[in-house]
Amino acid sequence: IDRIENSAFYHCESLVEVALPQTLQKIGRYAFFGCRELTHIDIPASVALIEQEAFAFCDALKAVTFYGKAPIIADPSAFSPLVEGAIFYVPQGEAASYATLLPQGAHIEEHELPAEAYDYTATAHEITFDADTGEITAVNSQAVRIDIPEQINGVDVRALGDKVFQAGSATHIVYLPQGLERIGNGAFAYSQVYYVNVPDSLRHIDADAFLASALRQIDLPDGVEEIGENVFASCMNITSMRIPEGVRTLRAGTLERCRAPTEAELPASLESIEANAFAGCAALDYLILNGYVFPQANAQAFSDVLLA
């Protein structure tokens, strides 16, 4: 078992104890919502994702013990409202990283054990790989988190191909390897991927790479040279975006119809902004400019945007 789906134990008010498997990677939204007799829970090191209100209104939950590194995504509402006297036990040296994920005011204590490691690396039989080009052309895994290896059968991974993660994929978190230089056309388009860890080696993101995906967070490294058209268009869950140093042109539709971002940071290297790059970004309040001159912008670049 690698996931507990949404509402799996919703309002199971007689549930007193549960043992989570060591292979568990995801605890879904409302998974244990309203389990009012649940007094403690141990979160295994394998868990990478805890969704909204997973343990909300568990009125007797006074001990939560984590055994691994802080999950990549843990919604602060997962343990809300805080139970009076509740203690969150985390591994040695991990209190600071957990503090950013748990509800404000949570009482965090470090237990005596170091963080356990868990290997999310995809195996060679789960990946279709072109050794001549160094390109991954398919990922045949439904794991919640997938870490792509730097090499496959001794060959460096240089690119993630077109349409690798599609709408039917159950993967939410992807770690891309150092050495990877390109994310292909539509690689994550329409997918349920929430978070992608991007290496410093990345140089090109092709058109439609994250189009209409469930993407919530991505940190692009300086050195990226090209971001194609519509790369983040209709990504409704992104709340901010930093365009990295190295990008000279913001292509058409880059963030079109992204309704959640309140701010965007533009690099000093940026020279031009094409049509509809920010069109329909209704929540966009302001831009952070790192250059001395505002880039040349198409008349429709900020269509339907009212900047403060």
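Here the structure is a predicted model, which means the values were calculated and not measured. Note that the numbering runs from 1 along the sequence shown for the chain.
In this structure, CZ in Phe129 is found 10.0 Å from CZ in Arg158, a value given to the nearest 0.5 Å. Here the straight-line distance linking atom CD of Glu256 with atom CG of Asp304 works out to 9.5 Å at 0.5 Å rounding. Asp208 contributes atom CG, which lies 5.0 Å from atom CG of Asn230 (distance to the nearest 0.5 angstrom). Taking CG of Leu306 as the start and CG of Leu284 as the end, the distance is 10.0 Å to the nearest 0.5 Å. Distance check: Ile27 CD1 to Leu49 CG gives 8.5 Å after rounding to the nearest 0.5 Å. Atoms CZ and SG, from Phe57 and Cys35 in turn, are 13.0 Å apart once rounded to the nearest 0.5 Å.
With a 4.5 Å cut-off on side-chain heavy atoms, Ser213 and Val193 do not count as touching. No side-chain heavy atom of Asn197 sits less than 4.5 Å from a side-chain heavy atom of Ile218. Between Ile146 and Tyr120, every side-chain heavy-atom pair lies at or beyond the 4.5 Å cut-off. Looking at heavy atoms from C-beta onward, Leu176 lies in side-chain contact with Pro199 at the 4.5 angstrom threshold. A heavy-atom distance below 4.5 Å is not found between the side chains of Val198 and Asp219. Taking the side chain as every heavy atom from C-beta outward, Pro91 and Pro114 never approach each other to under 4.5 Å. Residues Pro261 and Ser240 have side chains not in contact (no heavy-atom distance under 4.5 Å, counting atoms from C-beta outward).
Grouping the Ile, Leu, Val, Met, Phe, Trp and Tyr side chains by contacts below 4.5 angstrom, directly or via other members, places Val16 apart from Val64. Transitive grouping of hydrophobic side chains (ILVMFWY, heavy atoms separated by less than 4.5 Å) keeps Ile72 and Val47 in distinct clusters. Side-chain heavy atoms closer than 4.5 Å link hydrophobic residues (I, L, V, M, F, W, Y) into clusters, and following such links, even through other members, never connects Leu101 to Phe88. Under the 4.5 Å side-chain heavy-atom criterion for grouping Ile, Leu, Val, Met, Phe, Trp and Tyr, Phe9 is not connected to Val83 through any hydrophobic cluster. With hydrophobic clusters built from ILVMFWY side chains whose heavy atoms lie under 4.5 angstrom apart, Leu289 shares a cluster with Phe302.
Nearest heavy atoms, Ser191 versus Phe188: OG-O, 2.8 Å. Between Leu24 and Lys26, the closest heavy-atom pair is CD1-O, 3.5 Å. Heavy atoms only, all atoms of each residue included: Phe32 and Leu20 are closest at CZ-CD2, 4.1 Å. Nearest heavy atoms, Ile41 versus Leu61: N-CD1, 3.9 Å. Closest of all the heavy-atom pairs between Ile127 and Ala122 is CD1-CB, 3.8 Å. Minimum heavy-atom separation, Glu274 to Ala252: OE1-N, 3.0 Å.
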Assess the residue pair Ile136 and Ile148 against the criterion (side chain to side chain contact (heavy atoms under 4.5 Å, CB included)); give the C-alpha distance rounded to whole Å, side-chain angles, the decisive distance to 0.1 Å, and a yes or no. CA-CA 9 Å; Ile136 290 174; Ile148 304 296; 3.2 Å; yes

What's the verdict on side chain to side chain donor-acceptor pair (under 3.5 Å) for Asp156 and Gln151, showing C-alpha distance, side-chain angles and the deciding distance? CA-CA 4 Å; Asp156 291 342; Gln151 292 188 333; 2.8 Å; yes

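The side-chain contact (heavy atoms from CB on, under 4.5 Å) search around His204 returns Arg182, Asp206, Glu225, Glu226, not counting sequence neighbours.
Side chain of Thr137 to main chain of Thr128: a donor-acceptor pair is present (N/O by atom type, distance under 3.5 Å, no hydrogens or angles). Here the side chain of Thr171 pairs no donor or acceptor atom with the backbone of Ile173 at under 3.5 angstrom. Side-chain atoms of Thr23 come within 3.5 Å of backbone atoms of Ile1 as a donor-acceptor pair (strictly under, hydrogens ignored). Of the possible donor and acceptor atoms, none in the side chain of Ser234 sits under 3.5 Å from a partner among the backbone N and O of Ala212. With hydrogens and angles ignored, the 3.5 Å screen pairs a side-chain donor or acceptor of Asp162 with a backbone N or O of Asn185. No donor-acceptor distance shorter than 3.5 angstrom exists from the side chain of Gln192 to the backbone of Ala170, with no hydrogens or angles considered. Between the side chain of Glu245 and the backbone N or O of Ala268 there is at least one donor-acceptor pair closer than 3.5 Å. For Asn6 (side chain) and Gly28 (main-chain N/O), no donor-acceptor pair under 3.5 Å exists by modelled atom type.
Within a 6.0 Å radius of CG in Asn140, other residues, nucleotides and ligands contribute more than 12 heavy atoms. Surrounding CD of Glu13 are more than 12 heavy atoms belonging to other residues, nucleotides or ligands, all under 6.0 Å away. Around the CD atom of Gln296, the shell of radius 6.0 Å holds no more than 12 heavy atoms that belong to other residues, nucleotides or ligands.
Results of the side-chain contact (heavy atoms from CB on, under 4.5 Å) test with Leu266 over Ile273, Ile288, Asn290 single out Ile273 as the only residue that passes.
Note: Tyr89 and Phe66 fail the aromatic proximity criterion, with ring centroids not under 6.0 Å apart. Aromatic ring centres of Tyr195 and His172 lie farther apart than the 6.0 Å criterion allows.
Each side chain to side chain donor-acceptor pair (under 3.5 Å) pair with one or both residues in residues 30-47, not counting sequence neighbours, appears once here: Arg36-Asp59. Applying the side chain to side chain donor-acceptor pair (under 3.5 Å) rule to pairs touching residues 60-80 yields Lys69-Glu94, Asp75-Ser77, sequence neighbours excluded.
In summary, Asp2 and Arg145 do not engage in a salt bridge, as defined by a charged side-chain N under 4.0 Å from a carboxylate O. We find that Arg203 and Glu181 are not joined by a salt bridge, their nearest charged nitrogen and carboxylate oxygen being 4.0 Å or further apart.
A donor-acceptor pair shorter than 3.5 Å can be found between the side chains of His107 and Glu109. Judged purely by distance below 3.5 Å, without hydrogens or angles, the side chains of Tyr286 and Glu263 pair a donor atom with an acceptor atom. In this structure, a donor-acceptor pair under 3.5 Å is absent between the side chains of Ser269 and Arg248. For the residue pair Thr249 / Ser272, a side-chain donor-acceptor distance below 3.5 Å is found, with atom types taken as modelled. Side-chain contact of Tyr194 with Glu51: a donor-acceptor pair under 3.5 Å is present, judged by distance alone. No side-chain donor-acceptor contact under 3.5 Å links Asn276 and Gln300.
Relative ring orientation between Phe210 and Phe232 is described as parallel, the plane-to-plane angle staying below 30° on a 0-90° scale split at 30° and 60°.
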